[in-house]
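First up is the structure itself, then whatever we jot down about it.
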There are 2 protein chains.
Amino acid sequence: MLTDGVIYPLVFADVALFSIQERDLCVLLARRANDPEANKWALPGGILKPMIDASLDQTAVRIIRDKVGVSAGCVEQVRLFSGATRDPRGYSLSQLYCALLSKDQVCAVAGLKTSEVGWVPVKLATDKELAFDHGVMLTEALQFLRAKIKHRALPLHLLNATFSLLDLQDACSLILGSPVDKSSFRRRMKAETCIRPVQGQFREGAYRPAQLYQATPDFQF
Amino acid sequence: MLTDGVIYPLVFADVALFSIQERDLCVLLARRANDPEANKWALPGGILKPMIDASLDQTAVRIIRDKVGVSAGCVEQVRLFSGATRDPRGYSLSQLYCALLSKDQVCAVAGLKTSEVGWVPVKLATDKELAFDHGVMLTEALQFLRAKIKHRALPLHLLNATFSLLDLQDACSLILGSPVDKSSFRRRMKAETCIRPVQGQFREGAYRPAQLYQATPDFQF
DNA sequence: ATAATAGTGTCTCTAAGACACTATCCG
DNA sequence: CGGATAGTGTCTTAGAGACACTATTAT
């Protein structure tokens, strides 16, 4: 970071990776192995490697792959944090990303690589003392996600490839933290072009089967 | 950027600075003095100076001050651009900012410092061939601004401290690029808490005087 | 039948679009 | 007075919230 008399900033990507676990919205936290802030919980993150990463967005993708072994459905920039004091190692930039993982993908890596990475319900996570300014980051990532859902984006990336309308409604409701009216929601979904029912496919199980849906090419989070 | 065997990325802030000039939405463009891309038009930008800038956001503020001599009303992050090929000097990061300048502020610096900086109507600017990926940047900054207005934010930073409702309506309409219904708009503004009429203050001039308004502490773009 | 989940119908309320209208100023 | 800008009233429509209702399955 300091070399030929010039100061070069450290550049990081930090990821707020969300998924739904046992009817709860969770975020992936990693326990820091090294100083600074060793042993504290933090959002998974890593330094930009210009030789490997075609862009900083790709750094974020790489970090997710390293931590959970799969690529997240969508990875979006939230905000850039920067300054001399936020990381003791020196002047730093951290681009915060928000990403979503489906249940399918989470199951595929059910046994996370180390015990030092874990899914934490967001309600608990926001109370935890996180490393650096990651507490603020988590709050902002959540606001970002909530704002998108309020503006009627559908968090299909949190769901399996096929899903029932109730699955989708529950996901929205979990993110918003408030109940969503079933009738209004289904009315909206009927008019929506970005999802469509899969003819003849139903969620079997106890009680009445539910029509399954899937995303159309129109879909964009 | 290259030093002890490690590659350090260049870090820039680039600013899409908007203002209203003669009933047209304009953006500030600077003609590049040096290579690379000398003589091409570009969004004003500059490199992060860690010794001077408390954060990259402050770099953006500094750039605006350097170019037009005043501080913009609001400076917001739009998106981070990054990669090895977007700037021939090497791996680079550019944070794009969107900022607004009021007519008052523009008038205060009516004679811009050099002839190499100028206000260009956005319609013309988007057609121009800009340096680097600044064409994409301008497009995204405009989308960003439009989205905020669609979501009912008020571009008070484009206006003087006191303004008529028609001023505000015209600003919205210019940004959106489509007419805004007067009656609906005023209805909304009557319910709005972030602006209030200034008792007894009117825009004098030809014909019927217009009630002047000002922002309240509630206001946030 | 009953419990449980899937899915519908309908009333009301709010806010926005469209557009014609009135009000107040200048000369 | 007429011309121009400031500001209002009112009809209609689209969509969301609330909530009671019907439908289909398993046991």
Side-chain angles (χ1 to χ4, degrees), chain A residues 20 22-23 103 146-156 159-160 162-214, chain B residues 20 22-23 103 146-156 159-160 162-214:
Chain A
I20 293 175
E22 345 218 337
R23 311 211 130 233
K103 296 188 185 187
R146 288 210 175 108
K148 290 205 74 155
I149 302 305
K150 278 214 191 88
H151 294 350
R152 317 255 116 118
L154 298 177
L156 300 190
L159 304 176
N160 296 344
T162 64
F163 51 87
S164 73
L165 286 191
L166 237 342
D167 292 339
L168 186 47
Q169 185 190 329
D170 285 344
C172 291
S173 156
L174 274 177
I175 293 169
L176 295 176
S178 58
V180 170
D181 182 76
K182 184 164 59 160
S183 175
S184 323
F185 187 77
R186 297 175 91 95
R187 195 165 39 201
R188 251 180 67 204
M189 291 311 108
K190 210 162 274 175
E192 194 59 71
T193 64
C194 73
I195 64 170
R196 66 149 172 260
V198 190
Q199 289 308 325
Q201 281 229 39
F202 294 88
R203 158 96 27 97
E204 307 292 338
Y207 316 116
R208 177 173 177 179
Q211 173 69 58
L212 291 180
Y213 287 72
Q214 66 187 185
Chain B
I20 294 176
E22 343 218 338
R23 311 209 131 236
K103 296 189 185 188
R146 289 211 173 105
K148 290 205 73 158
I149 302 305
K150 277 215 191 85
H151 293 352
R152 315 253 114 115
L154 298 177
L156 300 191
L159 304 176
N160 297 345
T162 64
F163 51 87
S164 74
L165 286 190
L166 236 343
D167 292 339
L168 186 48
Q169 184 191 329
D170 286 345
C172 291
S173 156
L174 274 178
I175 294 170
L176 294 175
S178 59
V180 170
D181 183 75
K182 185 163 60 159
S183 175
S184 324
F185 187 77
R186 298 175 88 96
R187 195 164 39 202
R188 253 179 66 204
M189 291 310 110
K190 211 164 271 174
E192 194 58 72
T193 65
C194 74
I195 64 169
R196 66 148 172 262
V198 190
Q199 289 308 325
Q201 281 229 39
F202 294 88
R203 158 96 26 97
E204 307 292 339
Y207 316 117
R208 177 173 176 179
Q211 173 69 57
L212 292 179
Y213 288 71
Q214 65 186 183

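All heavy atoms count here, side chains included; hydrogens, waters and symmetry mates do not. Naming convention: chains lettered A, B, ... in sequence-line order (proteins, then strands); numbering from 1 in each chain.
- Taking atom CD of residue A:Glu204 and atom P of nucleotide D:dT27, one finds them 12 Å apart after rounding to whole Å.
- Within the 4.5 Å cutoff, no side-chain heavy atoms of B:Tyr213 are placed close to those of B:Asp167.
- Rounded to whole angstrom, the span from the CD atom of A:Gln211 across to the P atom of C:dG7 amounts to 7 Å.
- Counting heavy atoms from C-beta on, the side chains of A:Leu154 and A:Met189 come closer than 4.5 Å.
- Rounded to whole Å, atom C1' of D:dA16 lies 15 Å from atom CD of A:Glu192.
- Distance, B:Phe185 CZ to D:dG9 C1': 19 Å, rounded to whole Å.
- Toward the 5′ end of DNA chain C lies the nearest nucleotide of A:Arg187, the other residue of the pair A:Arg187 and B:Arg208 mapping further downstream.
- The distance from atom CZ of B:Phe163 to atom P of D:dA6 is 15 Å, rounded to the nearest whole Å.
- No contact: B:Arg203 has no heavy atom under 4.0 Å from any strand.
- Residue whose closest nucleotide on DNA chain D sits further toward the 5' end, between A:Arg188 and B:Leu166: B:Leu166.
- Distance CZ (A:Arg186) to P (C:dT8): 6 Å, rounded to an integer number of Å.
- When side chains are defined from C-beta on, A:Ile20 counts as touching A:Lys103, because their heavy atoms get closer than 4.5 Å.
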